[in-house]
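These notes are about the structure you will find just below.
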Protein chains: 2
Amino acid sequence: MQGVSLRRITKEADVNLASIHYHFGSKENLFRRVLERRIEPLNAERLELLGTVESGSAKGVLSLEAVLEAFLAPAVRLRYNRSGAGVLFSALMGQIFQNPDSEIRALAAQLFREVYLRFLSALGNALPGLTEEERRWRFHLMVGTAAFTLSAPGGLIGDGGSLADGGMFVDGNPLPDDPDEALSRLVSFLTAGMRSRGPSQGEGA
Amino acid sequence: MQGVSLRRITKEADVNLASIHYHFGSKENLFRRVLERRIEPLNAERLELLGTVESGSAKGVLSLEAVLEAFLAPAVRLRYNRSGAGVLFSALMGQIFQNPDSEIRALAAQLFREVYLRFLSALGNALPGLTEEERRWRFHLMVGTAAFTLSAPGGLIGDGGSLADGGMFVDGNPLPDDPDEALSRLVSFLTAGMRSRGPSQGEGA
DNA sequence: GACTGATTGAAACGTTCGTATGATTCAAGC
DNA sequence: GCTTGAATCATACGAACGTTTCAATCAGTC
């Protein structure tokens, strides 16, 4: 709720300051509506893709790649495609996940709840060997990887302050220009991680 | 630089408001010093562990697990151990990575620059088959996974607004209570991802 | 015990914030 | 063409912000 003022928003939108309270009631309500407007289509697309994966396969186990792709592809496409709003929205989501204000996180979490449960269940089908705790943990790791990668402000935007420019990723943008390439890299990295033998059973090459 | 006021800081620290400007000059300078105080020991510990890994192995390839552990262990320990400051600092770092203010990100990136380069080079030894671009990309994914996991405000702190409580991770805290368990899970997930066959060469079980 | 330089104190500065108010503009119905 | 309800406008309010100011306090030194 901080970081941008209503005065800047209304100026950029070329509307009067008071109109926000007339139409939305409060800054918080405006924020909630912005979130819903972007997240709901994202959720719908994810569920539709997952449905296709589930109905396409026999009643047996699901393909892990396909499930992860159903989860990741809409987010990657959103990040790359929608005019320039996708970049901004992805950055916004990254900030929300890290926001110390628990009410803001709760609001976002609520909007993702149904999709989360559906994919967690699908992951159970795709990875039948895992305990539920391990499955949740790995899903969390997967979400974190995708969220950080897609939302890092310095990723796509070379604005001089990215990790790329400032020192961490010295030689440029870690996100590929091509969304399909970004997606397939994410999927291959994450399927390997999701299938890893786990911490307790020993590890090796 | 926003999210907490100097008035709240000075009240919590039980000092006078003006003393910050006397000792630090500005809010921004105080912020920089706070970052340095935490990051510099973290950097030193990471480099020391990496040095041990490098000198311990023959001149051949490094163990990927060992390199990742040298990178991750200090951050995990920081998150879990240091009184309660580790949780707060980890949350702060998560916010910094996602901050739209490029100067703040540049400041943090600069503090991590040397460590980044050393580990990127070490990863080249541990994973000799990768192109440099692919190596950078996977390192980015690794940092993202660790940063998101360790810093998510709702992870360790059950404050009612975490993903866990609000809907995403419905049944509780995704971070284990035991730092060693968190570390070994991170390492096994990430080594598998780092070693994945990659997007172009095809994929499968 | 007065002097000095460093530190801390209370108070105020000018801005900016979200919100509220009441007049004004505008399109639609008759 | 007047009425009516929705929408927009300029403006103001009180609170909170980072910063500044300058007097009060403190620890050493002679």
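Below, read A as the first sequence line, B as the second, and so on, with proteins coming before strands; counting in each chain starts at 1.
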- Between dT8(C), dA12(D), dT21(C), spot the one nearest the side chain of S19(B), thanks. dT8(C)
Which whole-number value in Å describes the distance from [X] [atom1] to [N] [atom2]?
X	N	atom1	atom2	result
N29(B)	dG18(D)	CG	P	15 Å
Q2(A)	dA16(D)	CD	P	15 Å
N16(A)	dA10(D)	CG	P	6 Å
Y22(B)	dG5(C)	OH	P	12 Å
D14(A)	dC9(D)	CG	C1'	13 Å
H21(B)	dC13(C)	NE2	P	17 Å
L6(B)	dG18(D)	CG	P	4 Å
L17(A)	dA10(D)	CG	P	10 Å

- Item | Which residue lies more 5' along DNA chain C, comparing A18(A) with R7(A) via nearest heavy atoms | R7(A)
- Message: For dC17(C) and S5(A) - does any side-chain N or O of the residue sit under 4.0 Å from the phosphate oxygens OP1/OP2?
- Response: yes
- Message: Strictly below 4.0 Å: does H23(B) bring a side-chain N or O up to OP1 or OP2 of dA6(C)?
- Response: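 Checking dA6(C) against H23(B), no side-chain N or O comes under 4.0 Å of OP1 or OP2.
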- Item | Verdict with reasoning, F71(B) to F139(B), per ring-ring contact (aromatic ring centres under 6.0 Å, His included) | CA-CA 11 Å; F71(B) 186 80; F139(B) 193 20; 5.4 Å; yes
- Message: With a 3.5 Å distance limit and no angle check, can you tell me whether N43(A) reaches the backbone of L111(A) through a side-chain donor-acceptor pair?
- Response: yes
- Message: Using a 3.5 Å distance criterion without hydrogens, assess whether the side chain of S121(A) forms a donor-acceptor pair with backbone atoms of L117(A).
- Response: no
- Query: Would E114(A) and R118(A) pass as an ion pair if we require N to O under 4.0 Å?
  - Reply: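 The answer is no: the pair does not qualify as a salt bridge.
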- Looking for any heavy atom pair under 4.0 Å, which part of the strands does I20(A) touch: base, sugar-phosphate only, or nothing? nothing
